[in-house]
Amino acid sequence: MNLKIALLAGDGIGPEVIDQAVKVCNAIATRFDHHIEWKPALTGAAAIDAVGEPYPDETHEICVSSDAVLFGAIGHPRFDNDPSAKVRPEQGLLKMRKKLGLFANVRPTFTFPSLIDKSPLRRERIEGTDLVFLRELTGGIYFGQRGRKDNGETAFDTCTYTRAEVVRIAKKGFEIAMKRSKKLCCVDKANVLETSRLWRETFQRMEKDYPEVEVSYEFVDAVAMRLVQWPNAYDVLVTMNLFGDILTDEASVISGSMGLMPSASVGESIGLYEPIHGSYPQAAGKNIANPLATVLSAAMMFEDLNLDEEAQAIREVVNQSLSEGIVTEDLADGNKSYKTSEVGDWLAKNI
Ligand code: IPM
Ligand code: MG
């Protein structure tokens, strides 16, 4: 198969972890007889520096003419501490999600048997966790009207959802649930927020189209608590943009490291695959970042391209590297650790 993949390395550790995913994908291409044409493009602070824009039109053109987008990370401390910055790297990510129609963000949370004791949570609570968050990605408070009034003394961000936006993410949630254990949790704040009441009402109406799916409705604050107490109680959790942002960071604690969690953003046409971690500027350029979240994101990409064996081969080699201790320092626990590039080389060699 000929694949054209847009490669958006972005900022911080982005380029380093993306390099390892490319090595792994190229090894997959060799083993399974594919040809991958990589299309590098600028995004984030790197794009702001080069062309003054975090998601340039040129990058968008490359994305839409590709089969998938593999993405590193976005963000730079130079902008974080400057609330007055007019152009910010994160705007590039949001613009890209919107322009590519990526309304659904799939974030699986699972544990690795060899790493179970890395989690700050007790083994008996988290063992066997296998859940997936479906986060709405192009609506809600991230994209509502925002601004200042009263001479800058009052600020506002608004959360808006249309019925159609809720229906399409709910549909995706029900479909995922049908392929898994047929259990879905709608996470909202319907005791306070009108948008949440629209969500709940919409899910309730759609339940009859999926009679096999057992649906529960829970408030986001309660889920935040139960998620780390009884993660095994959940399978598919569907929620709005901001709640999903927060809960998926929390969920990454279950697996023991944020450096392990992949994600897929899908929607109208092509998908974008990225680690859930950020640009981790403190580690940039040091060759110490954990590349596994990005490598596992590439596995999700192959899966969405209907190349299941390829995806499985990546997951297997990742498991093998973990159990053989070929890991970066975040997972080494005082034992020998490997550089980002060494982990990538090992994975590629063992594919
Ligand atoms: C994420 C990130 C982004 C988000 C930031 C970088 C804008 O935290 O993908 O979870 O909030 O969506
Ligand atoms: Mg986040």
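Numbering of ligands and ligand atoms starts at 1, following listing order. The first residue in the sequence is number 1, and the count goes up from there.
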C186 side chain reached by V238 side chain, heavy atoms, under 4.5 Å: no

4.0 Å heavy-atom contact, E274 with ligand 1: no

Find, among atoms of D245 that are N, O or S, the one nearest to the Mg ion (ligand 2), and state its name. OD1

Assess R205 against F174: is NZ or CZ under 6.0 Å from the centre of the six-membered ring, and within 45 degrees of the ring's axis? no

Taking 4.0 angstrom as the limit and counting only heavy atoms of R135, give me the atoms of ligand 1 inside it, by number and element. 1 (C), 4 (C), 9 (O), 10 (O), 11 (O), 12 (O)

The salt bridge (Lys or Arg N to Asp or Glu O under 4.0 Å) partner of R315 among E303, E309, E310 is E303

From the list R180, K183, K179, salt bridge (Lys or Arg N to Asp or Glu O under 4.0 Å) partner of D235 resolves to R180

What protein heavy atom sits nearest atom 1 (C) of ligand 1, and how far off is it? R107 NH2, 3.3 Å

Residue and atom name of the nearest protein heavy atom (relative to atom 8 (O) of ligand 1), distance in Å to one decimal: D245 OD1, 3.2 Å

How far is atom 7 (C) of ligand 1 from its nearest protein heavy atom, and which residue and atom is that? E90 CG, 3.7 Å

Using heavy atoms and a threshold below 4.0 Å, how should the contact between R97 and ligand 1 be classified: side chain, backbone, both, or neither? side chain

Applying the side-chain contact (heavy atoms from CB on, under 4.5 Å) criterion to E274, which one of L70, L93, L8 satisfies it? L93

Step by step, work out the side-chain hydrogen bond (donor to acceptor under 3.5 Å, both in side chains) result for E136 and Y161. CA-CA 10 Å; E136 200 290 327; Y161 271 107; 2.8 Å; yes

Checking K99 against Y55: charged group under 6.0 Å from the ring centre and within 45 degrees of the axis? no

How far is atom 4 (C) of ligand 1 from its nearest protein heavy atom, and which residue and atom name does that atom have? Y142 OH, 3.5 Å

Please confirm whether R88 approaches ligand 1 to less than 4.0 Å, judged on its heavy atoms. no

Once you restrict to heavy atoms under 4.0 Å, what part of H277 touches ligand 1? Side chain, backbone, both or neither. neither

